[in-house]
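To start, the structure under review is shown below, and the notes come after it.
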There are 2 protein chains.
Amino acid sequence: MTAPTITITNLIWSFDRTTQHVNLLLLKRDQAPFKAYWALPTTTMRDDESADAAALRLVREKIGLALDRLHTEQLATFTQPQRTPGPRGVALAYMTFLPEMPPLTPGYGASAAKWFQFADTPTAYQLQNGTAAFTTPTSDQATYYATQTTRTTTPLTQLAFDHDWMIAMASQRIRNKLDYQPNILLTLGPTFTLREARTVFATFLRCPLNALDNSNFKKNHRQLFTAVGTTTAKRAGRPATLYRLNYLPLTNA
Amino acid sequence: MTAPTITITNLIWSFDRTTQHVNLLLLKRDQAPFKAYWALPTTTMRDDESADAAALRLVREKIGLALDRLHTEQLATFTQPQRTPGPRGVALAYMTFLPEMPPLTPGYGASAAKWFQFADTPTAYQLQNGTAAFTTPTSDQATYYATQTTRTTTPLTQLAFDHDWMIAMASQRIRNKLDYQPNILLTLGPTFTLREARTVFATFLRCPLNALDNSNFKKNHRQLFTAVGTTTAKRAGRPATLYRLNYLPLTNA
DNA sequence: ATAATAAAAGTAATATTGACTTTTATCTCA
DNA sequence: TGAGATAAAAGTCAATATTACTTTTATTAT
């Protein structure tokens with residue numbers, strides 16, 4: 001018996017200011033297992049690096065981005081013996097909130113790399129740019145992994161490994177932290193408008209944007225944001241106030 | 001280079017109805033490294049079991065307790081290469097909230113097993129029954145692990161490995177979840193009085209019990225508890241109402 | 001019975017939230 | 001230049017929640 005491989009999987013989030021959508025990075029695998037499936041960026045931890053460092057390395061390798069301030073946080077660790085076909089692999093899942101949305105080029109092990117618009121609903125992820133959507137796992141964790149070994153899947157409707165489950169956990173974690181530590185707002189960069197913050201909140205609260213009243217939103221979260229200026233608008237309407245996060249998120253790169 | 005050992009460390013919490021204190025289980029190690037130091041219960045993950053299962057096995061082995069409802073949850077995973085002296089070990093930390101506080105007998109690898117009263121303050125854990133106290137790590141994570149290799153320690157004032165750091169993280173996690181998912185209340189068993197719930201809350205909010213007004217506490221957390229009866233008091237004073245948690249916690253044993 | 005105790009129950013001022021309306025600053029296009 | 005359109009800020013007010021506090025109730029000990 002050999003010790004399980006330790007892999008690092010990183011959920012890399014960004015925000016597209018053009019489409020006003022939260023995005024998640026997926027890679028199309030070009031090797032077995034799950035060849036031709038979309039999957040979250042994954043690497044194996046090296047002998048001399050921590051998992052945190054490996055997660056950051058993944059961002060550099062997959063995005064080619066050299067940012068001096070980057071927030072990465074642990075999501076959870078996945079250890080079920082049957083979570084991978086073949087040799088056992090333990091996955092440490094991380095989340096990275098990119099302050100911008102750089103263009104992508106597929107690297108080693110991937111035939112494609114793409115930002116997927118993320119829209120969370122109780123029954124399905126709409127990870128789509130007009131091309132693909134993925135249903136959420138509906139069962140509890142034990143049931144989910146019990147069916148992993150026997151599942152019949154297609155690359156068009158499902159993700160590789162237990163990555164759908166990871167996304168479900170990530171979405172819930174982000175939702176839970178929305179009111180006291182909304183690190184997902186780091187995807188908006190150093191400053192953002194209230195509308196942008198509301199857009200991100202609405203995504204994870206599974207409600208339409210206008211269900212979050214701008215005025216009330218500002219009052220209810222005033223301890224989280226500080227006004228730092230205004231947009232110089234090149235569009236109709238009163239310029240929006242720019243805010244920044246009040247707390248300084250832990251950065252690790 | 002060999003793959004790191006995967007170890008499971010479990011923070012096992014309980015509540016002592018006699019002393020009205022939250023307690024944490026520590027074992028006194030009888031082998032190197034950190035021989036004679038107090039440490040959290042730890043085991044290595046087996047080839048055929050998940051980390052969750054290993055955490056539960058740890059409860060059975062260290063407590064000899066066969067409970068049909070037991071809540072265990074993941075805390076975090078610790079991967080810094082220098083976190084252990086000697087061969088690299090990755091630790092998956094779990095928390096278990098025992099619904100009772102059974103007597104302890106030291107098992108394999110331990111010369112003593114003991115429930116330590118837990119009192120969290122910004123600068124020190126008072127893990128004590130009149131015998132020992134442990135200072136909290138005050139630095140950030142990077143600094144903490146940088147000094148791990150060179151630290152000079154004594155078994156009386158410090159815990160083995162990075163277990164002090166784990167406890168700091170656990171305390172903060174419990175505090176963060178107090179308002180929406182206070183699983184720590186599972187240590188109170190199936191039913192509890194408001195005073196007991198306030199005692200637990202006060203422990204992690206680092207305030208005296210009477211800073212939490214009984215009447216207000218009831219109103220502010222009414223969505224979390226349901227009244228299910230009253231104590232049959234053998235003491236002065238009006239009998240207390242008994243409550244149970246409204247949500248059903250995930251149990252995994 | 002009476003005092004002591006502990007917790008429930010009640011109260012009123014204040015603060016927060018939520019639904020909604022009004023005002024303001026900008027752009028567009030005649 | 002000015003009217004209309006647009007988008008966001010700012011304001012309003014009733015409903016709700018929170019806080020600090022007092023009063024009442026149910027029990028035990030003497």
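Chain letters run A, B, ... following the sequence lines, proteins first, then strands; residues in each count from 1. It should be emphasised that the depicted structure is a prediction, and the values quoted were computed from it without experimental measurement.
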Inset, instruction - Return yes if a side-chain donor-acceptor contact under 3.5 Å exists between Thr96(A) and Thr72(A), otherwise no. - result: yes
Legend entry - Whole-Å distance separating the CD atom of Gln20(A) from the P atom of dA8(D): 9 Å
Legend entry - Nearest listed nucleotide, side chain of Arg238(A), among dA10(D), dT16(C), dA17(D): dA10(D)
Legend entry - Distance below 4.0 Å between Ser215(B) side-chain N/O and dA8(C) OP1 or OP2: no
Inset, instruction - Determine the contact category for Thr241(A): base if any of its heavy atoms lies under 4.0 Å from a base atom, sugar-phosphate if only primed atoms, P, OP1 or OP2 are that close, otherwise nothing. - result: sugar-phosphate
Inset, instruction - Report yes if at least one side-chain N or O of Lys219(B) is closer than 4.0 Å to OP1 or OP2 of dA9(C); otherwise report no. - result: no
Legend entry - Any Asn214(A) side-chain nitrogen or oxygen under 4.0 Å from OP1 or OP2 of dA9(D): yes
Inset, instruction - Kindly indicate whether a cation-pi arrangement holds for Lys219(A) with Phe217(A), taking the cut-offs as under 6.0 Å to the six-membered ring centre and within 45° of the axis. - result: no
Legend entry - Nearest-Å distance for atom pair NZ/P, residues Lys234(B) and dA26(D): 18 Å
Inset, instruction - Please determine if a side-chain N or O atom of Asn220(B) lies less than 4.0 Å away from the OP1 or OP2 oxygen of dA17(D). - result: no
Inset, instruction - For Arg198(B) and dA7(C), give me the distance from atom CZ to atom C1', rounded to whole Å. - result: 9 Å
Inset, instruction - Mind calculating the distance between CG (Leu242(B)) and C1' (dA7(C)) to the nearest angstrom? - result: 12 Å
Inset, instruction - Find the distance Arg222(A):CZ to dA9(D):C1' and express it as a whole number of Å. - result: 16 Å
Legend entry - Residue closer to the 5' end of DNA chain D, Thr232(B) versus Lys218(A) (nearest nucleotide): Lys218(A)
Legend entry - Nucleotide nearest Pro239(A) when distance is taken to its side chain, options dA9(C), dA25(C), dT5(C): dA25(C)
Inset, instruction - Round to a whole Å and report the spacing from CG of Asn216(B) to P of dT22(D). - result: 13 Å
Inset, instruction - Whole angstrom is fine here: how far is it from CG in Asn210(B) over to P in dA20(D)? - result: 12 Å
Inset, instruction - Please state whether the phosphate of dA9(D), meaning OP1 or OP2, lies under 4.0 angstrom from any side-chain nitrogen or oxygen of Arg195(A). - result: no
Inset, instruction - Measure the distance from CZ on Phe217(B) to C1' on dA7(C) and round it to the nearest whole Å. - result: 14 Å
Legend entry - Asn23(B) and Phe15(B), any side-chain heavy atoms less than 4.5 Å apart: no
Inset, instruction - State plainly whether the residues Lys177(B) and Glu73(B) are in salt-bridge range, i.e. N to O under 4.0 Å. - result: yes
Inset, instruction - Check each of Thr138(B), Asp164(B), Asp162(B) against Tyr144(B) using the side-chain hydrogen bond (donor to acceptor under 3.5 Å, both in side chains) test, and report the only one that passes. - result: Asp164(B)
Inset, instruction - Look at Arg235(B) and dA29(D) and indicate whether a side-chain polar atom (N or O) is within less than 4.0 Å of OP1 or OP2. - result: no
